[in-house]
Amino acid sequence: MNLQFEEVIATFLANEIGITTNFISPQLAQNLIDNLIKFHSENKLFDAGIGVKTDFHLDNLYRKDKILWLNKSVFNIFEMAFFEVIDAFVLYLNKTCFAGITNYEFHYALYEKGSFYKKHIDQFSTNSHRAYSVIIYLNPFWKIGDGGELIIFKENSTETISPILGKMVFFDSANLPHEVLETNEKRMSITGWLKRN
Ligand code: OGA
Ligand code: NI
């Protein structure tokens, strides 16, 4: 696991975007996909909103994904395994980079065909607790032409990231605008934020 963590941190320091390809095992990824599909069939996912509390609104010209927050108090063995990896990563990040992460939040995200998320940053104007964005992709058969790439806009260049199973992306929530291109196939992920109080 430490090799993956090292790779995330090294690529982040070199390039502002941390990336590793096997952040979670294929087996755990498959279990999380099964969870997502099951929860979706039970109508547990809901249209994602924009902003927090007072300025929360739905705007499906802006984003069209459906989400479900992971909740540790609803015991799910695969989510517990996922959080074990996240806990280990946070520990590693805090120890090696003094990141000062104190908590986090994660949700499943499902982009059905035709869905997208327009250019945005992940930090709310009213609240700066979100320090780092983390996305883990759950698409075993993604190929060029399927769409749904993540585009990250750096100061002088843009990066295009394919949402392939097991890949993890890590970046500063406050600084990097990004968007999800329209997807031509179902696109699944777990997205979250590492937070500081
Ligand atoms: C987000 C987001 C990117 C992705 O949920 O805020 O930008 O690739 N997701 O899913
Ligand atoms: Ni985002």
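Whatever order the structure lists them in is the order used to number ligands and atoms, beginning at 1. Sequential numbering from 1 along the given sequence is applied to the chain's residues.
- For the side chain to side chain contact (heavy atoms under 4.5 Å, CB included) test, residues two or more places apart in sequence or in another chain that qualify with Leu165 are Ala29, Ile33, Pro140.
- In this structure, a donor-acceptor pair under 3.5 Å is absent between the side chains of Tyr132 and Asp122.
- At a cut-off of 3.5 Å, with distance as the only test, no side-chain donor of Tyr111 or Arg187 sits close to an acceptor on the other residue.
- Close approach to Val180 involves these atoms of ligand 1, each under 4.0 Å from a residue heavy atom: 3 (C), 4 (C), 8 (O), 10 (O).
- Remark: ligand 1 atoms within the under-4.0 Å shell around heavy atoms of Thr191 are 5 (O).
- For Phe98, the CZ atom is loosely surrounded, since the number of other residues' heavy atoms within 6.0 Å does not exceed 12.
- When only modelled atom types and interatomic distance are considered, Thr183 and Ser115 share no side-chain donor-acceptor pair under 3.5 Å.
- A salt bridge links Glu105 and Arg130; the closest N-O separation between the charged side-chain nitrogens and carboxylate oxygens is under 4.0 Å.
- Checked by distance only, ligand 1 and Trp193 stay at 3.5 Å or farther apart across all their nitrogen or oxygen atoms.
- For the residue pair Lys154/Asn15, the side-chain donor-acceptor check at 3.5 Å is satisfied.
- Neither the backbone nor the side chain of Glu179 has any atom closer than 4.0 Å to an atom of ligand 1 (non-hydrogen atoms only).
- Considering backbone and side-chain atoms together, His107 places no N or O closer than 3.5 Å to any N or O of ligand 1.
- Annotation: atom 8 (O) of ligand 1 to nearest protein heavy atom, Tyr137 OH, 2.6 Å.
- Of all the atoms in ligand 1, the ones that sit under 4.0 Å from a non-hydrogen atom of Asp122 are 6 (O).
- Aromatic pair Phe171/His178: centroids less than 6.0 angstrom apart.
- Note on the Ni ion (ligand 2): protein N/O/S atoms under 2.8 Å are His120 NE2, Asp122 OD1, His178 NE2.
- Within a 6.0 Å sphere centred on CD of Glu42, other residues, nucleotides and ligands contribute more than 12 heavy atoms.
- Looking from atom 10 (O) of ligand 1 to the surrounding protein, the closest heavy atom is Arg187 NH1, 2.9 Å.
- Of all atoms in ligand 1, listed by their number and element, those nearer than 4.0 Å to a heavy atom of Tyr117 are 1 (C), 5 (O), 6 (O).
- With 3.5 Å as the limit, one finds a donor-acceptor pair spanning the side chains of Lys167 and Ser162.
- Tyr92 and Glu6 share a donor-acceptor pair across their side chains, judged by distance under 3.5 Å alone.
- Polar contact with ligand 1: present for His120 (N/O pair, distance under 3.5 Å).
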